[in-house]
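Right, one structure below, let's go through it.
Naming: A, B, ... by sequence-line order, numbering from 1 per chain.
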2 protein chains.
Amino acid sequence: MEATAKHFRKRDAILTCLRSTKVHPSADWIYEKLKAEYSDISLATVYRNLARFKERGEIVSLGTVNGIERFDGNTKPHVHFICTDCSGVLDLHGVAVPEELSKTVSGAGQVSSCQLTFTGKCNQCINKEETA
Amino acid sequence: MEATAKHFRKRDAILTCLRSTKVHPSADWIYEKLKAEYSDISLATVYRNLARFKERGEIVSLGTVNGIERFDGNTKPHVHFICTDCSGVLDLHGVAVPEELSKTVSGAGQVSSCQLTFTGKCNQCINKEETA
DNA sequence: CTCCTAAATGCGAATGATTATCATTTACAA
DNA sequence: TTGTAAATGATAATCATTCGCATTTAGGAG
């Protein structure tokens, strides 16, 4: 009797994969990554489990970047930077949504979450362009 | 010689439609709305012109809600509330992204825009549920 | 006025991410 | 063993969005 039942190997692998990367990946990115270890994994399984994790609040969706949904295994609220050039997503540590803000919103309804995202060109893409 | 050339009537109508509603509509919503006045308008024209406006910075995209892209004719930065029940989008006046925040982000790259969105259940949906 | 070109449009097909379907496999307990 | 419910793989279906192309339009040059 294993701690990790074979039945959930892939499910666990999906969550672990998402949690151990900083790229804020898409479903397909996770799928491609896991194919190395699980050659028979199905893309549908990745989508299904991501939806399940999301429902349960175990992961978070960042919304779509270029029409593709991106996920984050870190559910602690934090700020993101999305690069319009490379579609990369970065965590912005040291930036936080002011606590007061969230409280001011009560006029509209019950707030369950909040997302602050900056968009622009990341340093890596800026450098790449200068070099070119 | 008319001020509004016939050639651009539909284009103008799309922009006007978007600017004169508070619902932060989808392309299809605008299409359905404009069909009343322009029975022969094509959904592709709505998409094409929205893309054009977006490129030129004349409108703004809020990203997707339930897989459908939503637009805002108000390009002045402001905060949104998205209802998970009815998929409605509200402007949150009186809430603003602190100026300092945007400046702190320079470590990641050149910021061109920023978006703050609260998610939850709007008052209307809360009331609806209580009544039911 | 006529001819020409570039832009705008309508229509319908194509695309592509996501979801649904369904048969099969798995875990686990009676 | 056997039954049941969940998980999965493969693939078809869905549906918002985009593309291709023929047609229409505006507006200028001749």
Grab the [atom1]-[atom2] distance between [X] and [N] for me, whole Å please.
X     : N      : atom1 : atom2 : result
B:R11 : D:dT25 : CZ    : P     : 16 Å
A:L50 : D:dT8  : CG    : C1'   : 15 Å
B:K10 : D:dT24 : NZ    : P     : 13 Å
B:Y31 : D:dT17 : OH    : P     : 14 Å
A:D40 : D:dA10 : CG    : P     : 7 Å
A:K35 : D:dT8  : NZ    : C1'   : 16 Å
A:L43 : C:dA17 : CG    : C1'   : 9 Å
B:E55 : C:dA7  : CD    : P     : 14 Å

| said: Any side-chain N or O of B:R9 below 4.0 angstrom from OP1/OP2 of D:dT25? | reply: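 No, B:R9 has no side-chain N/O under 4.0 Å of OP1/OP2 on D:dT25.
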Hey, what are the protein-to-nucleotides 11-16 of chain D N/O distances that come in under 3.5 Å?
none

| said: Per the salt bridge (Lys or Arg N to Asp or Glu O under 4.0 Å) rule, what does the pair list look like for residues 31-43 of chain A, sequence neighbours excluded? | reply: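 Of all non-adjacent pairs touching residues 31-43 of chain A, those that pass salt bridge (Lys or Arg N to Asp or Glu O under 4.0 Å) are A:K10-A:D40, A:E32-A:K35.
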| field | Contact list for residues 58-75 of chain B, test salt bridge (Lys or Arg N to Asp or Glu O under 4.0 Å), sequence neighbours left out | value | B:K54-B:E69
| task | Nearest-nucleotide wise, let me know which of A:R52 and A:S39 is further upstream toward the 5' end of DNA chain D. | result | A:R52
| For B:T75, side-chain contact (heavy atoms from CB on, under 4.5 Å) partners two or more places apart | B:V60
| query | Residues in side-chain contact (heavy atoms from CB on, under 4.5 Å) with A:E130, at least two apart? | reply |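 Result, side-chain contact (heavy atoms from CB on, under 4.5 Å) vs A:E130: A:I126, A:N127.
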| What residues join A:W29 in its hydrophobic cluster, counting side-chain heavy atom gaps under 4.5 Å, either direct or through other members? |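 Besides A:W29, the hydrophobic cluster comprises A:I14, A:L15, A:L18, A:V23, A:I30, A:Y31, A:L34, A:Y38, A:I41, A:L43, A:V46, A:Y47, A:L50, A:F53, A:I59, A:F71, listed by chain and residue number.
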| said: What's the separation between atom CZ in B:R52 and atom OG1 in B:T45, rounded to the nearest 0.5 Å? | reply: 12.5 Å
| request: Using the test ring-ring contact (aromatic ring centres under 6.0 Å, His included), find all partners of B:H78 that sit at least two apart in sequence or belong to another chain. | output: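 Scan of B:H78 (ring-ring contact (aromatic ring centres under 6.0 Å, His included), adjacent residues dropped) gives B:H80.
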| Which residues satisfy the side chain to side chain donor-acceptor pair (under 3.5 Å) test with B:S87, sequence neighbours excluded? | B:N66
Any N/O pairs under 3.5 Å between the protein and nucleotides 21-23 of chain D? List them or say none.
none

Residues 108-117 of chain A, side-chain donor-acceptor partners within the protein, below 3.5 Å, at least two apart:
{"from": "A:S112", "atom 1": "OG", "to": "B:T119", "atom 2": "O", "distance (Å)": "3.1"}
{"from": "A:Q115", "atom 1": "NE2", "to": "A:L62", "atom 2": "O", "distance (Å)": "3.4"}

| said: If the condition is salt bridge (charged side-chain N to carboxylate O under 4.0 Å, His left out), which residues does B:K121 pass it with, not counting sequence neighbours? | reply: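 Testing B:K121 for salt bridge (charged side-chain N to carboxylate O under 4.0 Å, His left out), a comparison that skips the adjacent residues, returns B:E129.
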| query | What is the nucleic acid contact for A:D28, judged by heavy atoms within less than 4.0 Å: base, sugar-phosphate only, or nothing? | reply | nothing
| field | Helix axis bend for the helix from C:dC1-D:dG30 to C:dA30-D:dT1 - C1'-based end axes, five pairs, 10° rounding | value |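 End axes: 0° apart.
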| remark: Between B:C122 and B:C83 the two heavy atoms that sit nearest each other are N-SG, 3.3 Å
